[in-house]
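First up is the structure itself, then whatever we jot down about it.
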Amino acid sequence: MTKTARAYTNIALIKYWGKKNKQLKLPFTNSLSLTLNLFYTDTRATVIGNNSDVIYLNEKLLDDKKSQRIRNYLDTVRDFYGFSDHFQIDTVNHVPTSAGFASSASGFAALAGAINETKQLNLDRKQLSILARNGSGSASRSVYGGFVEWIAGEDNESSFAVPIDETPTIDLTLLSVVINKQSKKISSTVGMENSVKSSPFYPNWVTLVASEIKEIKQAIAKKDVQKIGEISEHNAMSMHALTLSANPSFTYFEPETIQIIHLVQELRQKGIFAYATIDAGPNVKILCTKDSLPKVQTYIEQQLSNVTTVIAGIGSGIQYI
Ligand SMILES: Nc1ncnc2c1ncn2[C@@H]1O[C@H](COP(=O)(O)OP(=O)(O)OP(=O)(O)O)[C@@H](O)[C@H]1O
Ligand SMILES: C[C@@](O)(CCOP(=O)(O)OP(=O)(O)O)CC(=O)O
C-alpha cells in the first residue's frame, strides 16, 4: 500500500542564505519560518524493478536533465539507508497558476516523506527533517507546521528543524503579491553561493542573523506582531543587500518589487499594519493582520494594475493521505 505525503511550503522570516557545507546543505546560520496553508506538494513513491528512477512532475514524465536534481537526491537517500531500490515518483505541485511560489521546500519535504512511507523507514520528524534538508535546505522546515527554526548544526545529524509553535494563535496573515515575470535566472543555490564568496558583508550577515533569531523568538513568544514584522522586513532587506553587494552584483528585484516596498512603507505611514519579506525572486509577501489585510490588498491592487494577490494563512506539517 502506498500513501501520498503532503508537505506545505514555508516562508522564511529569518532567511537561510549561505552554506558552510554544500554537499550536506549545512547553513552558516539558523533560520526561522512560517509554514503556509496555501501551496503544497503531494508526492507518492513506488518501488519499481528498473535500475533507474522514473519521475513524473504534474503528471508529465521528466527527461534526464529536468529530473537530475531529484535523481541525485534519491542516490543520496539510497546511500544513507543502504538500499538499492529505484522508484517511480509521482509528484504534483498544487500552486496557484503561474504564481511563482518556491516549490523546492514543499517538494523535497514531500519526497522525503514519501520515501519514508514507502520504504517503511519509520523516521521520526527530526530524522525526516534531516532527510528533507539533503534535498533542499528550506525543505527541512516544511516537516513542521507554524513557526519553525532550522538549527544550523555542525554535521548531517545535528542540522535539522525544530517546531517553535506548530499551531500558533497569532494575528498574522500573508498577502502574496505576484508579479507577472518569468522564473528567476539565478537559483537560490547559486545566488547564496555567490553572496558567500563575494559579498564583503557576509560576515555581518552571520552576526545579524544570530541576534535577529533571538529577538524574533522573543516576539513570537509574546505574540508581538509588530516586532515580528519589523524584524522580518529588516532581515529580508539585509539578505537582498548580500546579492547587491556580491561581485558581480545581482538582484532578484524587478521594478515592481521596489514599487511594492514603497507602497508597504506608505501603508505603515497611514497607520496600516504591513511588513514586506521577499525570497529569491521578485514576488513580495506582505505580513498583515486580520484588520489590515483588506486595506493592504485593496491599496496594492489599486496602485499596481499588473499584479495579482493571494492570501495565505498558517499551515501544518507533513501529512500522509
Ligand atoms: N514536487 C517536487 N518534488 C521534488 N522536487 C521539486 C518539486 N518541485 C520542484 N522541485 C525542485 O525544486 C527546484 C526548484 O524549484 P522551482 O523552479 O520551483 O524554484 P524554487 O523552489 O523557487 O527554487 P529555489 O530552490 O532555488 O528557491 C527544482 O530544481 C526542482 O527540481
Ligand atoms: C531565500 C530562501 O528562500 C532561500 C531558500 O533556499 P533553498 O532552500 O531553495 O536552497 P537550497 O538548499 O540550495 O536548495 C530563504 C529561506 O527559505 O530560508
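Whatever order the structure lists ligands and atoms in, that order sets their numbers, starting from 1. Throughout, residue positions are numbered sequentially from 1 according to the sequence presented.
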With ring centroids as reference points, do [X] and [Y] lie under 6.0 angstrom apart?
{"X": "Trp150", "Y": "Tyr16", "answer": "yes"}
{"X": "Tyr202", "Y": "Phe28", "answer": "yes"}
{"X": "Phe253", "Y": "His240", "answer": "yes"}

Under 4.0 Å between a Lys/Arg side-chain N and an Asp/Glu carboxylate O for [X] and [Y]?
{"X": "Asp171", "Y": "Lys223", "answer": "no"}
{"X": "Asp85", "Y": "Arg78", "answer": "no"}
{"X": "Glu166", "Y": "Arg125", "answer": "yes"}
{"X": "Glu233", "Y": "Arg268", "answer": "yes"}
{"X": "Glu149", "Y": "Arg141", "answer": "no"}
{"X": "Asp42", "Y": "Arg6", "answer": "yes"}

Requested in this report: Return the protein residues near ligand 2 (heavy atom under 4.0 Å from any of its atoms), ordered by chain and residue number.
Outcome: Ala12, Lys15, Tyr16, Trp17, Lys19, Lys25, Arg69, Ser104, Ser136, Gly137, Ser138, Arg141, Ser188, Thr189, Met192, Met239, Asp279, Ala280

Hey, which atoms in ligand 1 end up nearer than 4.0 Å to a heavy atom of [X]?
{"X": "Ile70", "result": "4 (C), 5 (N)"}
{"X": "Leu57", "result": "1 (N)"}
{"X": "Ser104", "result": "12 (O), 13 (C), 14 (C), 21 (O), 24 (P), 25 (O)"}
{"X": "Arg69", "result": "13 (C), 29 (O)"}

Below 3.5 angstrom, do we get any N/O pair linking [X] and ligand 1?
{"X": "Asn93", "result": "yes"}
{"X": "Thr91", "result": "yes"}
{"X": "Ser187", "result": "no"}
{"X": "Thr41", "result": "no"}
{"X": "Ser188", "result": "yes"}

Report task. Can you figure out which of Gly191, Gly107, Ser103 has its heavy atom closest to atom 9 (C) of ligand 1? Result -> Ser103

Query raised in the report: What is the ring orientation for Tyr8 with Tyr40, classed by angle as parallel under 30°, tilted 30 to 60°, or perpendicular over 60°?
Result: tilted

Query raised in the report: Between Tyr81 and Phe83, what is the ring plane arrangement, given parallel below 30°, perpendicular above 60°, and tilted in between?
Result: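 Judged by the thresholds at 30° and 60°, the geometry between Tyr81 and Phe83 is parallel.
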
